[in-house]
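Here the structure is laid out as C-alpha cells; the discussion comes afterwards.
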Amino acid sequence: MKSRNGVSKNFKFIIDNSTGLTFSFKHQSLEEWTEEKWITHTLINGIVKQQFLYFHTFFRIDWSELITGEDADKLQILRNAEFNGSKIVIIPHTDLPARNFDVVSLKSDSGISEKISFSQIVNHRYSPGNKGTVMIFRTKYPQYQWDIRDPSVQQGIATISYERFI
C-alpha cells in the first residue's frame, strides 16, 4: 500500500478505555496536522541555532455541511465525557487502530473553547441532519518523533493489498 497512517474514512473515539464511538464522513474529512515548538537563537556572528523541543498533533473534524443524527448523538456523548474529565483517545483511521492519541478539544490559553455551531439544515422533520459543527482536538501529551505507519503492515492483522483489486 502506498498511502500511510490509514486510509479508512471512519474514525473512532474511545472514552475511558471502554466506550467506543465510531464516526464516518458523509461530505467532509478529517484533517490532521502538527505544530512544532523550537528554540531559535541567532548568534552574534549571524549563525542560527535551533533546538527542537516537541510537537502536538491536531485533528479537525468538519461536519459543517452535514452531521447526521447518529453522529450528533455520539458527539453529545463525547462532549459530555470531556466535560466530566474522562480520558479521550482518537483513532484517526479505524484501519490502523495502533495509531491512536490521547486528546483534548482545542481551547485558547485562557481556557475558552472554539465556537461550536449546531444548526438545522431544513426546518422540517425530514431534514437529513444538522450542520455547522467543526471540532478541533489536539494531543494531550507532547510528541518527540514522527510516527508514520503503513496500514498494510500490522502485527496480528491479516491484510490484502489494495493493488490486488485494481
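Counting begins at 1 with the first residue of the sequence. From a predicted model like this one, the values you see are computed outputs, not experimental measurements.
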Does the distance from a Lys or Arg side-chain N to an Asp or Glu carboxylate O, for E32 and R99, drop under 4.0 Å?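 Salt bridge: yes.
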Could you check whether any side-chain N or O of [X] sits under 3.5 Å from a backbone N or O of [Y], counting only pairs where one atom can act as donor and the other as acceptor?
X	Y	result
E82	I88	no
N84	A81	no
N80	Q76	yes

Could you note down all residue pairs passing salt bridge (charged side-chain N to carboxylate O under 4.0 Å, His left out) where residues 37-54 supplies at least one of them, sequence neighbours left out? none
Sequence neighbours excluded, which residues qualify as ring-ring contact (aromatic ring centres under 6.0 Å, His included) partners of F13?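 Only F11, F23, F137 meet the ring-ring contact (aromatic ring centres under 6.0 Å, His included) criterion with F13.
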Results of ring-ring contact (aromatic ring centres under 6.0 Å, His included) for Y141 - residues two or more places apart only: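 So Y141 forms no ring-ring contact (aromatic ring centres under 6.0 Å, His included) with any residue.
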With the side chain counted from C-beta on, respond yes when E31 and D62 share a heavy-atom pair under 4.5 Å apart, and no when they do not. no
Once you round to the nearest 0.5 Å, how far does [atom1] of [X] lie from [atom2] of [Y]?
X	Y	atom1	atom2	answer
L21	I90	CG	CD1	11.5 Å
S105	F83	OG	CZ	7.5 Å
S86	I15	OG	CD1	6.5 Å
I136	L106	CD1	CG	5.5 Å
N17	T19	CG	OG1	10.0 Å

Might you work through the side chain to side chain contact (heavy atoms under 4.5 Å, CB included) test for K87 and D102, ending with a clear yes or no? CA-CA 7 Å; K87 176 183 176 183; D102 286 11; 3.4 Å; yes
Single-linkage hydrophobic cluster, 4.5 Å side-chain cutoff, L78 and I67 together: yes
Is there a chain of hydrophobic side chains (I, L, V, M, F, W, Y, each step under 4.5 Å between heavy atoms) that links I61 to V103? yes
Considering all heavy atoms, the nearest N100-P97 contact: ND2-O, 3.1 Å
Considering all heavy atoms of both residues, which atom of S64 and which atom of V134 are nearest to each other, and what is their separation? CB-CG2, 4.0 Å
Report the residues that fulfil salt bridge (charged side-chain N to carboxylate O under 4.0 Å, His left out) with K12, sequence neighbours left out, ordered by chain and then residue number.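 Salt bridge (charged side-chain N to carboxylate O under 4.0 Å, His left out) list for K12, sorted by chain: empty.
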By salt bridge (charged side-chain N to carboxylate O under 4.0 Å, His left out), R138 pairs with (sequence neighbours left out) none
Using a side-chain heavy atom cutoff under 4.5 Å and only I, L, V, M, F, W and Y, what cluster partners does Y54 have?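 The other cluster members (ILVMFWY side chains, heavy atoms under 4.5 Å, direct or chained) are I39, L53, Y144.
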Which other residues end up in the same hydrophobic cluster as V104, if Ile, Leu, Val, Met, Phe, Trp and Tyr are linked when side-chain heavy atoms come under 4.5 Å apart? none
Listed by chain and number, what are the side chain to side chain contact (heavy atoms under 4.5 Å, CB included) partners of [X], not counting sequence neighbours?
X	result
Q143	F55, T57, F101, T139
N45	L43, I47
E35	W33, F58
T40	W38, V48, Q50

Could you work out, with side chain to side chain donor-acceptor pair (under 3.5 Å) as the rule, every residue matching T133, not counting sequence neighbours?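 Here no residue qualifies.
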